[in-house]
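For reference, the structure is listed below as structure tokens.
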Amino acid sequence: MNTQVYYIDEDNINKSIIHKSSSAIRECGNVVFPTETVYGLGGNALCSEAVNKIFKAKGRPCDNPLIVHICCLDMLVYLIDEPLSQEAKKLIDKFWPGPLTLIFNKSIKVPVEVTAGLQTVAIRMPDNPIALQLIEDSGLPIAAPSANLSGKPSPTLADHVIEDLDGRVEIILCGNKSKVGVESTVLDMSGSVPTILRPGGVTKEQLEHEIGKVEIDKGLLELNITPKSPGMKYTHYAPKGEMFIVKGCESKVVNKINELLSNAEVRGLNVGILASDETKNCYKSSTVLSLGSKDNLDIIASKFFSSLREFDKQKVQIIYAEAIEEKAIGIAVMNRMKKAAAYRIIEV
Ligand code: TXA
Ligand code: MG
């Protein structure tokens with residue numbers, strides 16, 4: 001397939017490119033677009049054919065449901081089969097457009113391919129002007145997983161998308177770097193206590209501030225419990241190099257990583273280190289990438305996926321990553337980091 005790649009200025013959006021893209025959506029094509037979390041691989045959420053093409057382009061297992069992206073509350077009402085609860089209204093008011101996905105009972109308008117056979121549908125309103133104009137101009141809700149090949153780190157830059165999907169989709173819309181850098185928080189409100197099925201851009205504390213107690217799905221915390229969200233059972237986001245997380249107090253982590261680094265270099269391996277601004281100068285040689293200062297978890301989140309891709313580019317064979325503090329958006333980063341490392345954690 002010949003993919004058309006367009007670069008768009010988010011502050012001065014070229015309407016004719018949006019029109020071309022929304023025509024492609026209406027004709028069951030796939031269009032990649034930027035969002036504030038990661039880039040999305042979109043298709044008409046009401047059309048099984050468009051949705052099947054998304055799964056094929058990404059190489060995604062068909063038992064993993066998609067998030068439907070909307071631009072207005074009329075679309076929400078059309079897609080769901082339940083009255084909006086007071087809590088849902090509060091969250092929508094506060095966090096949409098933004099990195100929060102809510103799970104609802106689906107209406108019959110939503111094809112089963114979108115929800116992988118579930119009776120619920122995941123919905124969010126993205127906070128990006130290109131995404132919102134594309135949805136509005138096509139007049140359709142857009143189903144979109146992250147725009148990476150299945151198993152690869154999610155794309156936060158247009159270059160990442162081109163790397164993975166050039167030749168596999170009709171159109172790629174290139175905007176800015178994704179601001180948030182990790183995917184949306186997925187929240188299930190069907191039980192007695194709202195439950196986070198995937199930690200993401202909106203933190204547990206932020207949710208609790210609006211609606212009171214929120215739980216985290218136990219399947220995310222314990223390896224022997226199956227997560228409620230189908231996608232969370234897959235090892236995602238993996239860089240090509242074998243990754244290990246080193247966790248503990250700063251000085252011990254630095255010493256341990258230096259010891260591991262020496263051993264790996266003796267074996268002739270190309271080593272990458274995922275560090276912070278505070279520690280990046282403590283490591284000799286090799287590829288050291290900093291996620292930023294430990295004091296700014298938002299910046300750390302925004303750099304995480306692109307760092308994994310950078311290690312791939314540098315042909316790194318083994319990666320030692322400093323653990324991030326598991327609070328606020330750090331919980332979402334550590335969730336991705338553990339998966340990228342296939343849960344190999346060295347405690348010091
Ligand atoms: O930030 C994001 O959410 C990005 C951008 C593009 O919006 N999208 C994204 O989509 O991360 P994807 O497909 O990579 O991840 C969707 C997650 C998966 O873990 C999936 O299993 C879960 O949402 N999900 C979708 N529908 C669900 C449902 N009905 N019940 C439970 N989990 C669901
Ligand atoms: Mg994804």
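We count ligands from 1, going down the list as the structure has it; atoms in each ligand are counted the same way.
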Just jot down the ligand 1 atoms closer than 4.0 angstrom to any heavy atom of [X], in number order.
{"X": "I103", "value": "27 (C), 28 (C), 30 (N), 31 (C)"}
{"X": "S146", "value": "8 (N), 9 (C), 10 (O), 12 (P), 14 (O)"}
{"X": "R124", "value": "1 (O), 2 (C), 3 (O), 5 (C), 7 (O)"}
{"X": "L118", "value": "28 (C), 29 (N), 30 (N)"}
{"X": "P230", "value": "21 (O), 31 (C), 32 (N)"}
{"X": "A122", "value": "25 (C), 26 (N), 27 (C)"}
{"X": "T37", "value": "1 (O), 2 (C), 4 (C), 5 (C)"}

So is there a nitrogen or oxygen of [X] less than 3.5 Å from a nitrogen or oxygen in ligand 1?
{"X": "N64", "answer": "yes"}
{"X": "K228", "answer": "no"}
{"X": "T101", "answer": "no"}
{"X": "T35", "answer": "no"}
{"X": "H69", "answer": "yes"}
{"X": "R60", "answer": "yes"}

Using the ring of each side chain (for Trp, its six-membered ring), is Y320 parallel, tilted or perpendicular to F244, with breaks at 30° and 60°?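 Answer is tilted, since the angle falls between 30° and 60°.
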Would you please say whether a donor-acceptor pair under 3.5 Å links the side chains of [X] and [Y]?
{"X": "T101", "Y": "R198", "result": "no"}
{"X": "N105", "Y": "Q119", "result": "no"}
{"X": "E310", "Y": "Q314", "result": "yes"}

Yes or no: does P126 have any heavy atom under 4.0 Å from an atom of ligand 1?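 Under 4.0 Å: no for P126.
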Metal site the Mg ion (ligand 2): N/O/S of S150 inside 2.8 Å: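 No N, O or S atom of S150 is closer than 2.8 Å to the Mg ion (ligand 2), so no.
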For T120, which part has a heavy atom under 4.0 Å from ligand 1: side chain, backbone, both, or neither?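 Both parts.
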Can you tell me which portion of L197 lies within the under-4.0 Å heavy-atom range of ligand 1? Options are side chain, backbone, both, or neither.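 For L197, only side-chain atoms sit under 4.0 Å from ligand 1.
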For D166, enumerate each residue passing the salt bridge (Lys or Arg N to Asp or Glu O under 4.0 Å) test, keeping only those at least two apart in sequence or located in another chain.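 D166 satisfies salt bridge (Lys or Arg N to Asp or Glu O under 4.0 Å) with no other residue.
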Sequence-distant partners of R344, salt bridge (Lys or Arg N to Asp or Glu O under 4.0 Å), two or more places apart: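 R344 satisfies salt bridge (Lys or Arg N to Asp or Glu O under 4.0 Å) with E242 once adjacent residues are dropped.
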If you measure from the Lys or Arg side-chain nitrogens to the Asp or Glu carboxylate oxygens, is any gap between K280 and D277 under 4.0 Å?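 So K280 pairs with D277 through a salt bridge.
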Does a side-chain heavy-atom distance below 4.5 Å link D164 with R309?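 Touching, per the 4.5 Å side-chain cut-off.
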Tell me if the [atom1] atom of [X] is crowded by more than 12 foreign heavy atoms within 6.0 Å.
{"X": "K177", "atom1": "NZ", "result": "yes"}
{"X": "Q317", "atom1": "CD", "result": "yes"}
{"X": "K109", "atom1": "NZ", "result": "yes"}

Nearest heavy atom to atom 32 (N) of ligand 1 wins, so pick from G117, S229, A143, G181.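 Nearest heavy atom to atom 32 (N) of ligand 1 lies in S229.
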